[in-house]
Amino acid sequence: MSDKIASAGLREMLGDAVLGAVSDAIVYADREGLICFWNPGAERLFGFAAAEAVGRSVDLIIPEPQRARHWAGFRKVMDTGESRYGQGDILAVPGLRKDGTRISLEFTIVPIHAQGGRMEGMIAIMRDVTRRFEETRALKRENAALRERPDTAPARQSV
């Protein structure tokens with residue numbers, strides 16, 4: 001019994017440390033898509049204080065052009081309890097900061113089920129990868145430009 005108590009105490013301590021971290025944004029939205037938890041990492045990443053975000057729709061951080069697709073997928077997951085992304089897959093999507101700037105995000109999701117199995121909501125663990133995304137895009141453009149230049153294009157063999 002004492003192992004279970006120690007384990008529960010350790011889990012709580014670890015959970016508090018992870019949820020309070022500022023490195024990654026951790027956001028929990030209920031089955032209606034309302035933000036119920038917003039950690040310090042989310043404050044840093046998106047620019048909204050928890051008091052500004054909690055109780056509001058996740059539309060707060062989703063750019064308008066992506067909202068319809070987001071909601072179609074979100075509702076399907078809430079209705080079926082299944083997601084093709086719930087197995088630790090890393091997703092890449094644009095996000096929206098308080099100041100209106102768009103950022104590139106990578107994230108994983110954790111579905112939250114009630115005891116009866118019904119979907120209660122979703123946790124998203126997000127990281128800003130804007131710099132890496134922009135650097136990769138710039139390298140691709142440079143490579144494409146180099147391939148187009150006659151003096152740097154690979155020599156073609158005539159047959």
Show your reasoning for whether side-chain contact (heavy atoms from CB on, under 4.5 Å) applies to Asp79 and Arg31.
-> CA-CA 9 Å; Asp79 291 343; Arg31 65 179 292 108; 4.3 Å; yes
Interatomic spacing from CE in Met119 to CD1 in Ile112 - rounded to 0.5 Å | 7.5 Å
Does Ile90 reach the side chain of Phe107, with side-chain heavy atoms less than 4.5 Å apart?
-> no
Which pair of heavy atoms, one from His113 and one from Gly81, lies closest together, and at what distance?
-> CE1-O, 3.6 Å
Would you confirm whether Thr80, through its side chain, and Lys76, through its main-chain N or O, come within 3.5 Å as a donor-acceptor pair?
-> yes
Exercise: identify the closest heavy-atom pair between Asn39 and Ile26 = OD1-N, 2.8 Å
Residues Pro94 and Pro63: closest non-hydrogen pair is O-CD, 3.5 Å
Identify, with sequence neighbours excluded, every residue that meets ring pair (Phe, Tyr, Trp, His ring centres under 6.0 Å) alongside His70.
-> Phe74
Closest contact, heavy atoms only, Phe46 versus Leu96 = CD2-O, 3.4 Å
Side chain to side chain contact (heavy atoms under 4.5 Å, CB included) test vs Ile35 passes for just one of Val27, Ile61, Asp59, namely Val27
Do any side-chain atoms of residues 120-129 form donor-acceptor pairs under 3.5 angstrom with protein atoms, and if so which ones, sequence neighbours left out?
from   : atom 1 : to     : atom 2 : distance (Å)
Glu120 : OE2    : Arg118 : NH1    : 3.3
Arg127 : NE     : Asp24  : OD1    : 2.8
Arg127 : NH2    : Asp24  : OD1    : 2.9
Arg127 : NH2    : Asp24  : OD2    : 2.9
Asp128 : OD1    : Thr130 : N      : 2.8
Asp128 : OD1    : Thr130 : OG1    : 2.5

Geometric class of the Trp38/Phe48 ring pair [parallel <30°, tilted 30-60°, perpendicular >60°] = perpendicular
Going through the distances and angles, do Leu105 and Ile103 end up as a side-chain contact (heavy atoms from CB on, under 4.5 Å)?
-> CA-CA 6 Å; Leu105 300 170; Ile103 55 176; 3.6 Å; yes
Does one hydrophobic cluster hold both Val54 and Leu34, with members joined at side-chain heavy-atom distances below 4.5 Å?
-> no
Where the side chain of Arg44 meets the backbone of Ser23, is there a donor-acceptor pair that is under 3.5 Å apart?
-> yes
Taking all non-hydrogen atoms of both residues into account, name the closest pair between Glu43 and Ala50 and its distance.
-> OE2-N, 2.9 Å
Can you sort out the partners of Lys98 under salt bridge (Lys or Arg N to Asp or Glu O under 4.0 Å), two or more places apart, ordered by chain and number?
-> Glu52
Over all heavy atoms of both residues, which pair between Trp71 and Ser57 is shortest? Give the atoms and the distance, please.
-> CZ2-OG, 3.5 Å
